[in-house]
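Single-structure report; data block below.
Order of listing sets the numbers, starting from 1, for every ligand and every atom in it. Throughout, numbering of the chain's residues begins at 1 and tracks the sequence. In this text, all values refer to a predicted model and were calculated from it rather than measured experimentally.
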Amino acid sequence: MGTFPGDNVSMTNDGVRMAAIHHFFTAASWIEGAATVQLEQVARLASMQAVAAFPDLHPGKYGPVGMAARADRLYPQLIGNDIGCGMALFELDMPLRKLSLDKAIEQFRQLETIEIASLEERLEECGLPADCHPHALGSLGGGNHFCELQAVHGLIGADTHATIDRQRLYLLIHSGSRSLGALIVHDTIKHAGSLSEGLDAGDEAGSVWLTAHDSAVEWAKLNRRIIAERAAACLRADLRLVVDVPHNLVRSDAGAFVHHKGSAAVSVGALAPIAGSRATLSYIVEALPGTEFSLGGISHGAGRKYDRQAMHGRVGLNRSEREALTGNSFGGRVICDDRALLIEEAATAYKNAATVVDDLVQFGLVRPMASMKPLITYKSAGGGAEVKRKDERRARERRRDQSRERRLRHD
Ligand SMILES: Nc1nc2c(ncn2[C@@H]2O[C@H](COP(=O)(O)O)[C@@H](O)[C@H]2O)c(=O)[nH]1
Ligand SMILES: [Mn+2]
């Protein structure tokens with residue numbers, strides 16, 4: 001995975017070692033200047049070997065989103081809090097012709113109240129401890145996480161019908177490791193102090209983060225599965241996993257680490273969803289051999305055009321505009337009780353996934369297989385009071401345990 005031909009490291013005029021940045025987008029993709037600046041900062045990090053930037057590139061909190069970066073050292077801040085965030089696509093055994101949109105919307109509203117049986121067993125089946133954050137499993141989280149009921153808009157590849165059935169309904173789930181990922185980052189910063197030089201995977205802080213990271217990636221995958229099971233239960237349907245692709249994680253690569261920050265981690269021949277928005281189609285693509293030169297990364301979405309703050313004052317200014325935000329361009333609907341979230345996550349906040357896919361095709365990274373349209377998008381304000389209360393209780397317990405340990409050491 002992920003080798004570039006040629007020289008990948010150079011010296012800048014000011015004598016700083018800088019990894020080569022490989023762009024996998026054309027002038028058709030609009031890229032914000034701040035994202036390019038952040039990309040250069042990543043390329044200058046110690047031991048950075050190569051950076052790949054994709055057409056959905058946009059500025060993020062600790063670095064750009066829509067890139068992959070290969071280094072000898074680990075940079076937890078590049079992955080961020082939502083370790084293991086990804087997109088999972090499921091096929092329902094329910095035909096599109098049987099869908100009553102109004103009835104399904106009412107059923108979908110119950111999503112996060114559906115009981116989940118044997119959480120401890122589910123965790124153990126995934127190789128995780130039974131007490132690994134069970135209380136947050138099956139929760140979507142806020143921001144741009146969503147659970148979307150989709151229909152096939154078009155089959156693009158001549159052989160797609162073998163994988164995607166245009167008569168069926170699909171679920172696209174975008175979620176991650178919830179407060180588990182945030183706790184891992186919190187603990188890492190507490191123990192390691194500064195992350196600016198990265199962590200050595202052979203040192204304690206590096207290996208502890210990596211082990212916790214691997215668990216969070218597994219946990220996030222199980223979380224997406226359980227969200228999908230809850231949605232399928234709402235619709236009284238069964239489901240089949242088509243593909244689950246994480247986009248916030250580190251992958252080992254011949255002694256180095258590829259950091260995927262908002263770039264789908266694929267292997268040649270694998271399928272991957274590329275999410276659009278509620279105004280543009282989402283796509284299912286197949287990763288091509290070109291991904292061997294993109295650090296095994298491709299885009300996972302359209303990418304933001306406007307940040308959350310900038311959306312206030314841009315949309316939802318009057319009642320009819322606010323009502324429009326609960327619908328989509330395809331006659332579908334949005335379930336979201338948080339007015340601010342509807343504004344921040346309006347479709348116009350995003351670029352067009354079709355342009356993203358076109359660019360990836362031009363660079364030989366993907367082959368489009370199908371386009372998908374949104375029917376119902378379920379969004380939540382983030383966590384739910386129950387998960388928050390349990391997190392706070394756990395944090396209090398951890399603090400109490402830590403101070404008890406400190407007292408024992410002093411005695
Ligand atoms: N199909 C939909 N896609 C959506 C929606 N809202 C956002 N998005 C896409 O998801 C990615 C997620 O990006 P991330 O950086 O937070 O992982 C984003 O780029 C959009 O393209 C939606 O309601 N439906
Ligand atoms: Mn994500």
Just distances here: any N/O of [X] and N/O of ligand 1 closer than 3.5 Å?
X	result
Leu172	no
Asn144	yes
Tyr350	no

Could you check whether atom [atom1] of [X] has more than 12 heavy atoms from other residues, nucleotides or ligands sitting under 6.0 Å from it?
X	atom1	answer
Asp337	CG	no
Glu323	CD	yes
Arg333	CZ	no
Glu125	CD	yes
His153	NE2	no
Arg44	CZ	yes

Does [X] have a non-hydrogen atom less than 4.0 Å from ligand 1?
X	answer
Met87	yes
His300	yes
Ser282	yes
Val65	yes
Ser277	yes
Gly303	yes

Side chain, backbone, both or neither: the part of [X] lying under 4.0 Å from ligand 1 by heavy atom:
X	result
His247	side chain
Glu148	side chain
Lys351	neither

Could you check Ile105 against Gln107 for side-chain contact (heavy atoms from CB on, under 4.5 Å), going step by step and ending with a plain yes or no? CA-CA 5 Å; Ile105 287 167; Gln107 291 170 319; over 6 Å; no
Considering heavy atoms of the protein only, find what lies nearest to [atom] and give residue, atom and distance to 0.1 Å.
atom	answer
atom 12 (C) of ligand 1	His174 CE1, 3.4 Å
atom 23 (O) of ligand 1	Arg278 NH1, 2.7 Å
atom 5 (C) of ligand 1	Phe146 CE2, 3.5 Å

Could you go through residues 54-64 and list every donor-acceptor pair under 3.5 Å that involves a side-chain atom there, pairing it with any protein atom two or more places apart or in another chain?
residue: Asp56; atom: OD1; partner: Ser299; partner atom: OG; Å: 2.8
residue: His58; atom: ND1; partner: Asp56; partner atom: O; Å: 2.7
residue: His58; atom: ND1; partner: Arg304; partner atom: N; Å: 3.4

Using atom types as modelled and distance alone, determine if a side-chain donor or acceptor of Ser263 lies under 3.5 Å from a backbone N or O of Gly297. no
Filter on side-chain hydrogen bond (donor to acceptor under 3.5 Å, both in side chains), then keep only pairs touching residues 192-207, sequence neighbours left out; what's left? Ser194-Ser196
Between Leu155 and Ala370, the two heavy atoms sitting closest are CD2-CB, 4.0 Å
Element-labelled atoms of ligand 1 that are located less than 4.0 Å from some non-hydrogen atom of Gly301: 19 (O), 21 (O)
List every atom of ligand 1 that sits less than 4.0 Å from any heavy atom of Ala275, numbering the atoms from 1 in the order shown and giving each element. 3 (N), 9 (C), 10 (O), 21 (O)
Option with minimal heavy-atom separation from atom 20 (C) of ligand 1, where the choices are Ser299, Ala347, Gly276: Gly276
Considering only residues two or more places apart or on different chains, which pairs with a residue in residues 353-377 satisfy ring-ring contact (aromatic ring centres under 6.0 Å, His included)? Phe24-Phe363
Protein N/O/S atoms under 2.8 Å of the Mn ion (ligand 2)? Cys85 SG, His174 NE2, His247 NE2
Leu271 and its side chain to side chain contact (heavy atoms under 4.5 Å, CB included) partner, picked from Thr160, Val366, Thr163, Leu89: Thr163
Phe25 vs Val356, test: side-chain contact (heavy atoms from CB on, under 4.5 Å). Steps then yes/no. CA-CA 8 Å; Phe25 52 83; Val356 167; over 6 Å; no
